[in-house]
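Quick notes on the structure that follows.
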Amino acid sequence: MYICGPTVYDYFHIGNARTFIMADIIRRYLEYKNYNVTYVMNLTDIDDKIIKKSIEEKVPASEVAKKYSDAFFEDIKRLKIKLATFYPKATDNIDEILRMIKALVDGGAAYNVDGNVFYNVSSFKPYGKLSGKKIDELESGARVEVMEEKQDPLDFALWKKSKEGEPFWKSEWGNGRPGWHIECSAMSCKHLGETFDIHAGGNDLIFPHHENEIAQSEAATKKPFVKYWLHFGFLNINKEKMSKSLGNFFTAREVLAKYSAEAIRLFFAQAHYRGPVDFTSELLDSAEKGLEKLKNLRSAIDSAMNKNKPGGVDPGFNFQHFEKRFTDALDDDFNTPQAVAVIFDFVKEANRTIAEKENLHLDFYIAARDFLIKTADNVLGIISFKEKEVKQDSLLENELIKILIDIRLKAKNEKNFQLADDIRKKLESLAITLKDTKEGTDFFKRE
RNA sequence: GGCGGCGUUGCCAAGUGGUCUAAGGCGAAGGUCUGCAAAACCUUUAUUCGUCAGUUCGAAUCUGACCGCCGCCUCCA
């Protein structure tokens with residue numbers, strides 16, 4: 001599986017994050033289904049924008065790329081995106097790229113004009129098959145900037161001759177750097193072979209980027225390039241595409257400063273990957289709110305398991321039923337909104353069971369926990385069940401909380417509700433929530 | 001101009017020929033529990049799916065027209 005990654009000239013925005021997150025969920029689901037997924041995401045670390053930025057900031061292009069690819073890895077980690085199998089960089093794969101360009105030139109699909117190598121679009125008959133465009137229609141409506149060197153305005157650069165002061169690599173056509181489209185063809189081929197299963201990317205890459213990849217790869221290898229294309233819808237702001245060029249964007253780190261990764265992921269998972277999504281803080285708030293339900297059930301499960309009472313009733317809960325509904329949803333073109341609905345149905349049903357049956361068998365909680373780990377945690381990534389490290393001081397802390405709970409209980413028994421409420425309120429302000437139940441008082445620490 | 005997509009409850013959003021008087025989340029209203037909270041549970045919240053016409057025994061789902069919105073055709077996830 002290959003996905004077009006970022007050009008590392010800036011922090012990525014929350015619209016890019018949507019693509020990365022949805023691709024991550026799809027990848028995690030394929031792994032859930034026991035596919036052995038080789039997940040490749042390229043990093044474009046040499047390109048016009050990077051060069052522009054390096055001139056503006058008066059630092060080498062490689063330093064710009066380093067800074068923003070470091071930032072990229074920080075951000076995806078915070079978004080709970082699993083690391084790819086490979087993150088090939090353009091500058092590490094110049095040999096592969098040059099080899100493919102050579103194959104294209106030798107095969108007559110590309111030509112060299114004074115150190116610039118262009119792909120000859122008209123040499124590839126199926127050009128336009130992915131985007132549904134026809135070559136002649138494109139030409140008639142061409143807004144394409146006409147470069148004099150090109151034989152045809154639709155032709156695109158495989159190798160760009162370097163200008164004075166720009167970074168360059170040596171090639172038989174002279175000093176230059178790779179074009180954007182050829183990177184993906186060369187690097188996907190290197191890691192995934194000449195034909196591979198899934199290629200994903202944003203909607204706007206269909207044309208020309210993915211169209212060009214097909215043209216390059218299929219002309220070079222004479223084999224089908226990709227079996228399935230996956231294109232993600234845009235994130236809009238006020239129904240307008242969020243993009244760097246329009247300037248109407250939030251970076252992922254700006255959004256992460258206000259909202260949890262889980263809420264961001266839930267927000268995206270609640271819409272189908274192909275459609276557009278409007279981004280507003282109200283919707284993030286409502287996702288954050290919805291997450292509470294999931295977290296409360298997790299707390300209930302955790303505290304029941306900590307008590308570890310033997311025996312109890314087996315409620316005959318049908319976990320398979322929910323798991324089947326979950327996989328049915330995702331088997332149907334990765335219908336994540338449906339899958340999320342199944343999770344919430346499960347939460348409701350589990351809560352109902354807990355509310356109705358007094359003394360549940362521990363196995364119920366274990367199975368409920370397993371179900372949520374498999375689905376909501378491992379696939380969707382909207383909640384985490386990972387064992388938290390128990391720190392030394394938190395053990396002491398827990399004992400102190402228990403003492404306060406005892407004092408509060410005494411106060412309650414003496415009908416000194418003012419003191420009882422005061423203790424609860426003060427603990428709340430320390431992010432510790434008390435919850436009175438029939439079996440005593442539980443406490444939860446907020447994250 | 002060419003190509004593609006979308007329009008479902010107060011908001012978001014699944015559903016693409018009968019199980020739909022339409023899932024799920026948020027919001028709202030009432031109730032149970034509680035000293036009070038919190039959480040949880042129960043009940044209510046679209047006879048209707050942009051508009052009009054058609055196909056069909058049957059349509060949110062198919063066809064046509066119209067209205068509105070968006071994207072791509074130039075770097076863009």
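Every chain is numbered from 1 and lettered A, B, ... according to where its sequence line falls, protein lines coming before strand lines. Computed from a predicted structure; not experimentally measured.
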Subject >> D152(A) (side chain) donor-acceptor with N120(A) (main chain) under 3.5 angstrom >> reply: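 No: the side chain of D152(A) does not pair with the backbone of N120(A).
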Original post:
Are the side chain of Q338(A) and the backbone N or O of L330(A) linked by a donor-acceptor pair below 3.5 Å?
Top reply: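 No.
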Subject >> Most 5' of D285(A) and N238(A) on RNA chain B, judged by nearest nucleotide >> reply: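 Nearest nucleotide further toward 5': that of D285(A).
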Subject >> 5' priority, RNA chain B, between A420(A) and V340(A) [closest heavy atom] >> reply: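 Between the two, 5'-proximity favours V340(A).
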Taking ring pair (Phe, Tyr, Trp, His ring centres under 6.0 Å) as the definition, give me every residue that meets it alongside [X], ordered by chain and number, with sequence neighbours left out.
{"X": "Y365(A)", "answer": "none"}
{"X": "F417(A)", "answer": "none"}
{"X": "F371(A)", "answer": "F346(A)"}
{"X": "F207(A)", "answer": "none"}

Which is true for [X] with a 4.0 Å heavy-atom rule: it touches a base, it touches only sugar-phosphate, or it touches nothing?
{"X": "G15(A)", "value": "base"}
{"X": "S131(A)", "value": "sugar-phosphate"}
{"X": "I354(A)", "value": "nothing"}
{"X": "F207(A)", "value": "sugar-phosphate"}

Tell me the interatomic distance from [X], atom [atom1], to [N], atom [atom2], rounded to whole angstroms.
{"X": "L154(A)", "N": "rU74(B)", "atom1": "CG", "atom2": "P", "answer": "8 Å"}
{"X": "L294(A)", "N": "rC26(B)", "atom1": "CG", "atom2": "P", "answer": "11 Å"}
{"X": "F417(A)", "N": "rC36(B)", "atom1": "CZ", "atom2": "P", "answer": "8 Å"}
{"X": "E183(A)", "N": "rC75(B)", "atom1": "CD", "atom2": "C1'", "answer": "13 Å"}
{"X": "D204(A)", "N": "rC70(B)", "atom1": "CG", "atom2": "C1'", "answer": "13 Å"}
{"X": "E211(A)", "N": "rC3(B)", "atom1": "CD", "atom2": "P", "answer": "16 Å"}
{"X": "M1(A)", "N": "rA77(B)", "atom1": "CE", "atom2": "P", "answer": "17 Å"}
{"X": "N236(A)", "N": "rG71(B)", "atom1": "CG", "atom2": "P", "answer": "7 Å"}

Original post:
Tell me the side-chain hydrogen bond (donor to acceptor under 3.5 Å, both in side chains) pairs involving residues 229-240 of chain A, sequence neighbours left out?
Top reply: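 Those involving residues 229-240 of chain A are H210(A)-H231(A).
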Looking only at atom [atom1], what distance separates [N] and [M], rounded to whole Å?
{"N": "rG15(B)", "M": "rC52(B)", "atom1": "C1'", "answer": "24 Å"}
{"N": "rC33(B)", "M": "rC26(B)", "atom1": "P", "answer": "24 Å"}
{"N": "rG10(B)", "M": "rA46(B)", "atom1": "C1'", "answer": "11 Å"}
{"N": "rU45(B)", "M": "rU61(B)", "atom1": "C1'", "answer": "25 Å"}
{"N": "rG17(B)", "M": "rC62(B)", "atom1": "C1'", "answer": "8 Å"}
{"N": "rU43(B)", "M": "rC36(B)", "atom1": "C1'", "answer": "24 Å"}
{"N": "rA23(B)", "M": "rU55(B)", "atom1": "C1'", "answer": "29 Å"}
{"N": "rU19(B)", "M": "rG25(B)", "atom1": "C1'", "answer": "24 Å"}

Subject >> Out of rC26(B), rA23(B), rA77(B), whichever nucleotide has its closest atom nearest the side chain of S286(A) >> reply: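 Of all the options, the side chain of S286(A) is nearest to rC26(B).
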Subject >> Out of rA77(B), rG25(B), rG2(B), whichever nucleotide has its closest atom nearest the side chain of N16(A) >> reply: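 So the side chain of N16(A) is nearest to rA77(B).
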**OP:** Going 5' to 3' through nucleotides 37-44 of chain B, assign each nucleotide B (protein heavy atom under 4.0 Å from a base atom), S (under 4.0 Å only from sugar-phosphate atoms) or - (no protein heavy atom that close).
**Re:** BBSSSS--
May I ask you to say whether [X] pairs ionically with [Y], meaning some side-chain N is under 4.0 Å from a carboxylate O?
{"X": "E183(A)", "Y": "K89(A)", "result": "no"}
{"X": "K412(A)", "Y": "D436(A)", "result": "yes"}
{"X": "D24(A)", "Y": "R265(A)", "result": "yes"}
{"X": "D328(A)", "Y": "K324(A)", "result": "yes"}

Kindly state whether the ring of [X] and the ring of [Y] have centres lying under 6.0 angstrom apart.
{"X": "F250(A)", "Y": "F279(A)", "result": "yes"}
{"X": "F319(A)", "Y": "F322(A)", "result": "no"}
{"X": "H181(A)", "Y": "F156(A)", "result": "yes"}

Listing, residues 7-16 of chain A side-chain donor-acceptor contacts under 3.5 Å, not counting sequence neighbours, or none:
unit_1, atom_1, unit_2, atom_2, d
H13(A), ND1, G15(A), N, 2.9
H13(A), ND1, N16(A), N, 3.3

Taking only nitrogen or oxygen atoms into account, show me every contact under 3.5 Å that the protein makes with nucleotides 11-14 of chain B, one pair per line with its distance.
unit_1, atom_1, unit_2, atom_2, d
rA13(B), O2', Q270(A), O, 3.4
rA14(B), OP1, H272(A), N, 2.8
rA14(B), O3', N335(A), ND2, 3.1
rA14(B), O2', Q338(A), NE2, 2.7

Original post:
Is the NZ atom of K129(A) crowded by more than 12 outside heavy atoms at less than 6.0 Å?
Top reply: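 Result for NZ/K129(A): enclosed.
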Original post:
For E288(A), what residues pass the side chain to side chain donor-acceptor pair (under 3.5 Å) criterion, not counting sequence neighbours?
Top reply: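 Partners of E288(A) by the side chain to side chain donor-acceptor pair (under 3.5 Å) criterion, ordered by chain and then number, come out as S260(A).
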**OP:** Tell me, please, whether F168(A) has R177(A) positioned over its six-membered ring: NZ or CZ under 6.0 Å from the ring centre and within 45 degrees of its axis?
**Re:**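 Judged by the rule, R177(A) and F168(A) form no cation-pi pair.
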Original post:
When you measure from every atom of RNA chain B, which of residues 315-334 of chain A have a heavy atom less than 4.0 Å away?
Top reply: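 The answer is none.
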Subject >> rC72(B) phosphate, OP1 or OP2, under 4.0 Å from K241(A) side-chain N/O >> reply: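 True: K241(A) side-chain N/O within range (under 4.0 Å) of rC72(B) OP1/OP2.
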Subject >> Secondary-structure notation, RNA chain B, from Watson-Crick and G-U pairs under 3.5 angstrom (| other strand) >> reply: ((((((((.[[[..)..(.....]]]((((((.......))))))....[[[[[..)....]]]]])))))))....
Original post:
If we only count heavy atoms from C-beta on, is the Y68(A) to I50(A) side-chain gap below 4.5 Å?
Top reply: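 A side-chain contact is absent here, since even the closest heavy-atom pair is not under 4.5 Å.
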Identify each atom pair where a protein N or O and an N or O of nucleotides 19-22 of chain B are less than 3.5 Å apart, giving names and distance.
none

Subject >> Donor/acceptor link under 3.5 angstrom from N203(A) side chain onto base of rG4(B) >> reply: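 Flag unset: no donor-acceptor pair detected.
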